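Have a look at the structure below, then the notes.
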Amino acid sequence: MRSVLVACAAALVGCATASPVGALRFANQPPVTRVNDRADVPAPPPASIRRPHLDDLDAFYVRALTRALDVRDPHRATDVNAMDELPDSTWFHNRIGVRALSPDELRRGPGAADGPDGHLPWTVIGARAGASLSLSIRDASGRAYTLLFDRRGYPELETAADVIAQRIFWACGWNVPDDRIVTVRRRQLVVADGATVDDGRGSRRPLSRAALDQLLGALLLDPSAPLRAVARRGPDGVALGGWAGEGVRAGDPNDVIAHEDRRAVRGLGVVAAWVGHVDLGEATTRDLWVADATDPARHYVAHYLWDFRTALGARAYVDRRPDAGFARSTDLSVAIGSLVSLGAWLRPWEGIRRADRPGVGLFEADRFDPARFTTRTPYLPAGDADRFDGFWAARLVARFTPAQLQAIAEAAGYSHADSTAYVVSALRARQRRIARYWFARVAPLDRLAVAQPGTLCFDDLLLTYRLGGAATTRYQVELFDYRSRAVGWEAWAAAAPGGRTCVSGVRPGPIRGGYVIARITVWRGKRALPPLEAHLADDPATHRLRVIGLRRR
Amino acid sequence: MGRVRVLIATALVGAALAGPAWAQSRPQPAPRADRASGVVVPDDNPSRDSLRWVPRVLLFVPRWTAWALAQPVRGAAWAWDRYDLDAHTGGVLLATGGPFGLFPVVEVESGFGAGAGVRAIGRDLFGEDEAATARARFGGRVTQGYQLAADTGTRFDPARLELAAAFDDRPAERFFGLGNGAVAAAPPMPVDALAGDLAAATRYRRRGGSASVGVGLGLAAAVDARLSTGLIVGRYDDPNDVDRDVPITSVYQPSSLVGFDRGETTSYSELAVTFDDRQRRDTLSEALFSTGWRLAGWAGVGRGLGRDRARYLRYGLWLERTLDLYGGTRVLWLRARGEALAGRLDRLPFAQLPALGGAQLLRGYATDRFRDRAAAVATAEYRFELLDRASAFLFADAGRVWASVGDATLRGLRVGYGGGVELYGHHSFLARLELATSIDGGLFVALTLDPAGDPRARAR
């Protein structure tokens, strides 16, 4: 009954107004900052089974085609709160921009203060060979880690990429494992009884000390040099496989929003573009059935990004694929473009040269185009992302300061300071490109607040981050009441230095607790950006106007 | 009226939302994830296009047809993953890297139809780049065909020992007479193939095989010599399907086709010297060269054994230049190839005479369309990358045959042209589709799915 009434009311409000503001109305309450998706899941849900051939077939062709033929309505993310933000959840925990992240904290990352370094020796309980080597170990304190090594001939490359991208995703708010750089000396490794090695093709054999030495020796051009690895430790729990790009996880009652409708998933593409995480997809994510920290008897499913070793141009460099990040691994549009032009089309990645810095991949900013970045395998939620998701993620990206990026790059432990400086510089340049691109697609206004009675203030992020437009920016503010009628008040304001502008004269509406909608149009010269509607109402406690919701158009 | 509706709407909204949810100043308990929006009246969703149902209806059938058609392929992919065929086949099925690979072979060639088979490849078998390959195919140009090859890689560097053997039954090989003439109607009586210049489209059957042993020797950084000797055995007959094909003996006197009646049992020894400094970009497949020269010259002696009276000297020259036009991804490939057989006319087996036409030499013409004692062909091929492991190419071939090298002239050149696409693995050629035509008309299609397994194999 309630929903019927709401629908009728919405229809009537809509019919009654030919107003530029829509029918949308928010509850007069503080925005939700945390959702409860930690209801007890008594048993682990069934693990998803990755079927690489079928998944690739679907992602590249079948779902790509059937999705296109579905002619679906574009739809906004549904896991956001009234401020178009993500509340904290098992998917995402707001960090940068919401709380202070010191360089030290970023250098340390999400893990415990002490890693396995202080707990020698390490007992090797398993190994996996193949394109790259990983060892499962237990340190002297009993904690389990996975050691992930650089490939032979590519020292520092993948380990550095992993740690940098991991810390960036973590600082943004996603869950990641505790990855840290460690130095591995053979004498600190002990092979456990019963340890085995998987050759990467499904065959397993006992792991002897000699076999371990052989595996480690194969990684180094100089056998006497120490080895470097990422020591990865995830939370204790039951691994359930990666999270699917579409739908929800069966058996998880907390997973009530289709993944392709989650901003926490749709927005990943922008950050992935920033750090060149070309392998973003189900294979590089992981769901874990974990115990609640406050009540170990309760369990829920937490969602993690899991592997970043191919980021920062590592994939492009190791696999000799300069098109990584620019094209799918099989990209028919690129093939058709080349075919039609008989090869005359100079593709965006052609001519890119790798910076000659130790441990740095094919990672640069000059050719980077935020609109064209693509993962190697189609990631369907990124395809569903709209400009609102893009703006949200770009704002996260823009929040990183040079000092924070420097700290993150230092965590990678490059042996040459040049490499650190180069990566920071490339990240900075790409960061600005991302911000410029997405901040031009919506009204990039942030931190809207009624500073004092009648004064609405906001940050214009293009100006805040000094991306241009300061001299030509003006704001047009119009007020509408709860019924969507213009109240006859309009104000213009020039952009204030520093990007935070205040407009005075905003007054409550006549009904519904002073509900009023401030429609703000950002003008860059003669070009108007799609407006932002700030919904304001009186705070019952203070009887002052407060922002209760935002809608970007 | 509008105002009344607004009031009603407002009242309804109020009724719907009456209660403590409307105006709260304190944080509420965390709601479910899908109830965080704070929205009490949903938006009128301007992004919904009411006309979107039109394409949706129109595309309903194509959408589900596409889905249904995809199911067999999806099923195969599912079974592959479900039963882990990679592991169960030891990871050799379609493995372009690693020590072993097992590949399907498919060949479609105009004039012969489609054939299929399988190829097994062993790479770096004993740690010194030793390689072996076995290939079996059925249908198309052969009713059955088998090949074996092995070499010692770098084990005896700079020497390399090579062994090869092959057998096939080709039921309908093509013979258009000797010379460069245009195709004419079959004469009422068989004619002397050696005397005239009559080109009639005939076919014959050849069953035969060969076995050879060779030693390659690296003389310098880019120079190799290869000495090989072997035995060639062939038996000839009219084609299997004489109702469909014009038998060779109905047009050409068998006695004028050297080797046709008695068969072929010939020893053949050859010395070849090759200079090859072609380079590839490290971003490209090892099967693709992007710059450099390749020069090869060869001379060999064939001598019939037993009743076979063949005796000839075969010699030839291959000149190849690869020019990198841009980044190794746009390449101009220039090639000139000439070959001749010297000897008495009645000692030159007709099947061993240099021939042009088909998918390799003088494309745009039927396989073995031109045949005589000397033949030359020049090629200009522009190759450009489509994908990381796929290229397209456009080419023009020009060539002709002559009765002897001394008769060589550029008059009467035959010119073919066309294009196609090629697919590669990281290490080797995988597949090729080629469409070709010529100044004399006709359209020729060649599809080959036959991973060579070794980039050098294609050059040979």
Side-chain angles (χ1 to χ4, degrees), chain A residues 2 5-6 8-10 12-16 22-32 34-37 51-54 57 62 65-66 69-71 73-74 78-82 87 89 201-202 256-257 320-323 330-331 334-335 338-339 342-343 350-351 483 513 539-541 549, chain B residues 2 5-6 8-10 12-13 15-17 21-25 27-34 36-44 46-49 52 55-56 59 62-63 66-67 70 73-74 77-78 80-82 84 86-87 91 282-283 327 329-330 384-388 390 392 394:
Chain A
R2 180 184 162 114
L5 288 173
V6 169
C8 291
L12 286 171
V13 169
C15 291
L24 178 74
R25 298 294 180 269
F26 292 99
N28 185 5
Q29 63 186 27
V32 171
R34 185 172 64 89
V35 295
N36 180 13
D37 55 357
R51 304 201 187 282
H53 294 98
L54 181 60
L57 177 70
V62 180
L65 180 62
T66 54
L69 296 177
D70 280 341
V71 197
D73 286 320
T78 53
D79 57 341
V80 295
N81 66 13
S89 68
R201 292 193 294 272
V256 293
I257 298 175
R320 303 287 188 267
R321 298 291 302 258
D323 60 339
T330 303
D331 200 321
V334 170
S338 295
L339 190 62
L342 299 180
E350 297 196 73
R483 300 165 187 160
D539 182 340
Chain B
R5 281 196 298 189
V6 170
I8 294 171
T10 307
L12 288 171
V13 170
L17 302 170
W22 168 246
Q24 301 154 2
S25 57
Q28 297 299 298
R32 267 171 45 135
D34 55 348
S37 69
V39 171
V40 292
V41 180
D43 207 355
D44 38 16
S47 65
R48 177 166 292 144
D49 185 342
R52 207 169 264 126
R56 214 173 272 149
L59 294 173
R63 189 256 189 244
W67 182 86
V73 185
R74 293 188 75 246
W78 177 86
W80 188 295
D81 293 326
R82 170 67 181 80
D84 200 6
D86 280 332
D282 64 357
T283 55
T329 55
R330 282 81 159 175
F384 54 99
E385 186 183 78
L386 296 180
L387 296 168
D388 178 56
L394 300 169

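Throughout, a chain's letter reflects where its sequence line sits, starting with A, and its residues are numbered from 1. Computed from heavy atoms alone, side chains included, the values below leave out hydrogens, waters and symmetry copies. Predicted model only: the values in this text are computed from it and were never measured.
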For B/D81, side chain to side chain contact (heavy atoms under 4.5 Å, CB included) partners two or more places apart
A/R51, A/P52, A/H53, A/L54
So which residue, A/G343, A/P87, A/P31, ends up with the most heavy-atom pairs under 4.5 Å with chain B?
A/G343
Measuring from A/L69:CG to B/L59:CG, what's the distance to the nearest 0.5 Å?
5.5 Å
For each of A/D37, A/V334, A/L339, tally heavy-atom pairs with chain B at distances under 4.5 Å, and name the one with the top tally.
A/L339
Contacting region of A/S89 [heavy-atom separation from chain B under 4.5 Å]
neither
Region of B/R74 in contact with chain A, defined by heavy-atom distances below 4.5 Å:
both
Atom CD in B/E385, atom CD in A/E350: separation rounded to 0.5 Å?
7.0 Å
Hits for side chain to side chain contact (heavy atoms under 4.5 Å, CB included) against A/V256, two or more places apart or cross-chain, chain-then-number order -> B/R32, B/A33, B/D34
